[in-house]
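The structure that follows is given in the form of structure tokens.
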Amino acid sequence: MSSITIYHNPACGTSRNVLALIRNSGEEPIIVEYLKTPPDAATLKSLIAAMRMPVRDVLRQKGTPYDELGLSDPTWTDEQLIGFMLQHPILINRPIVVTPLGTRLCRPSEAVLEILPSAQQGAFNKEDGEPVIDVNGNRVHGV
């Protein structure tokens, strides 16, 4: 069983890049397509706590009902915002990755490198061609 879990949206380029970086480290993660299998309240709260992020920072705005629900209103409590994420999983920003070294919202995709237990095993370019890892498994300077 893998020690890495990714809360993944296969339609998201950042999420696909993070999954590819995990695989480039020699790991095959547990993949949770959170739009098909959303986390329950306890899991979502646990993920947010582990990331040490404000609940608002986990909300995704682009391509979601964020504006129509009025979620920019500062009077919404964390509990209410989590409730909206549970009702509308598309509001959960992605990808969230859990490893033995920590839990992160991996935006940008390179953030996953901070919590992967194994080194990169070879060159890696993002889908848009941007180099991230060189042929020796090292981060490309400036990335």
Side-chain angles (χ1 to χ4, degrees), residues 1-121 123-134 137-143:
M1 186 87 149
S2 179
S3 62
I4 298 175
T5 300
I6 179 173
Y7 290 84
H8 179 59
N9 179 348
C12 170
T14 300
S15 198
R16 290 190 305 268
N17 283 323
V18 169
L19 178 57
L21 281 164
I22 294 168
R23 288 176 170 157
N24 199 44
S25 76
E27 296 278 346
E28 182 56 39
I30 296 165
I31 300 170
V32 178
E33 288 191 34
Y34 72 94
L35 295 178
K36 293 181 181 177
T37 310
D40 61 23
T43 301
L44 183 56
K45 289 176 186 179
S46 174
L47 290 168
I48 293 169
M51 290 187 289
R52 296 184 176 103
M53 295 177 72
V55 172
R56 285 196 172 276
D57 290 355
V58 181
L59 282 170
R60 181 167 176 82
Q61 295 179 33
K62 183 179 172 187
T64 74
Y66 181 92
D67 290 330
E68 66 190 64
L69 294 170
L71 297 182
S72 62
D73 184 336
T75 61
W76 293 115
T77 66
D78 287 353
E79 281 295 317
Q80 289 171 316
L81 294 173
I82 288 169
F84 283 115
M85 286 189 261
L86 294 170
Q87 290 173 8
H88 307 278
I90 192 71
L91 288 167
I92 302 169
N93 214 340
R94 78 272 177 160
I96 296 172
V97 177
V98 181
T99 79
L101 301 181
T103 301
R104 295 275 191 292
L105 172 59
C106 295
R107 298 188 80 79
S109 54
E110 295 84 354
V112 75
L113 297 171
E114 299 168 8
I115 59 169
L116 289 177
S118 300
Q120 295 290 292
Q121 296 182 344
F124 178 82
N125 292 343
K126 289 184 182 181
E127 290 181 355
D128 66 4
E130 178 186 344
V132 178
I133 305 295
D134 66 20
N138 299 310
R139 276 181 91 161
V140 173
H141 182 67
V143 176

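Note that these values count all heavy atoms, side chains included, but never hydrogens, waters or copies made by symmetry. Computed from a prediction, not measured in an experiment: that's the story for all the values here. Position 1 is the first residue of the sequence, and the numbers go up from there.
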How about Leu105 and Ile96: do any of their side-chain heavy atoms sit closer than 4.5 Å?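 In short, these two side chains touch, coming nearer than 4.5 Å.
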
Which atom pairs, one a donor and one an acceptor, fall under 3.5 Å between side chains of residues 45-56 and the rest of the protein, sequence neighbours left out?
| residue | atom | partner | partner atom | Å |
| --- | --- | --- | --- | --- |
| Lys45 | NZ | Glu79 | OE1 | 3.2 |
| Lys45 | NZ | Glu79 | OE2 | 3.2 |
| Arg56 | NH1 | Leu71 | O | 2.7 |
| Arg56 | NH2 | Asp73 | O | 2.6 |

If every non-hydrogen atom of Lys126 is compared with every non-hydrogen atom of Ser109, which pair is closest and at what distance?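 Shortest heavy-atom contact: CE-OG, 3.3 Å.
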
Do Leu116 and Glu27 come within less than 4.5 Å of each other through their side chains, counting heavy atoms only?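 Answer no - side chains too far apart.
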
Nearest-0.5 Å distance that lies between atom CD1 in Ile6 and atom CD1 in Ile30: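 The CD1 atom of Ile30 is 12.0 Å from CD1 of Ile6, to the nearest 0.5 Å.
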
Looking at Ser3 and Pro100, would you say the former's side chain and the latter's main chain have a donor-acceptor pair under 3.5 Å?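 Here the side-chain-to-backbone pair does not exist.
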
Determine which pairs satisfy ring pair (Phe, Tyr, Trp, His ring centres under 6.0 Å) with at least one residue from residues 81-106, sequence neighbours left out, and list them in order.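 Counting only pairs at least two positions apart or across chains, the ring pair (Phe, Tyr, Trp, His ring centres under 6.0 Å) contacts touching residues 81-106 are Trp76-Phe84.
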
Please check: side-chain N/O of Thr43 versus main-chain N/O of Pro39, any donor-acceptor pairing under 3.5 Å?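 Here the side-chain-to-backbone pair does not exist.
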
To the closest 0.5 Å, what do you measure between CG (Leu21) and SG (Cys106)?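 Reported to 0.5 Å precision, the distance equals 9.0 Å.
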
What's the separation between atom CD1 in Ile115 and atom CZ in Arg104, rounded to the nearest 0.5 Å?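 That separation rounds to 5.5 Å.
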
Whether the side chain of Arg16 engages the backbone of Pro10 through a donor-acceptor N/O pair (distance < 3.5 Å, no angle test) should be reported.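 Yes.
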
What's the spacing between Leu59 CG and Ile90 CD1 if we round to 0.5 Å?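 Those atoms lie 12.0 Å apart.
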
Provide the closest heavy-atom pair for Ile22 versus Val112 in the form atom of the first, atom of the second, distance.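 Where Ile22 meets Val112 most closely, the heavy atoms are CG1-CG2, 4.0 Å.
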
Is a side-chain N or O of Gln80 found less than 3.5 angstrom from the main chain of Thr77, in a donor-acceptor match?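 Such a contact is found between Gln80 side chain and Thr77 backbone.
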
Does the Glu127 side chain pair with the main chain of Asn17, one donor and one acceptor, at a distance under 3.5 Å?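 Not a single qualifying donor-acceptor pair exists.
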
Given side chains that start at C-beta, do those of Val32 and His8 come closer than 4.5 Å, heavy atoms only?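 Side-chain contact under 4.5 Å: no.
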
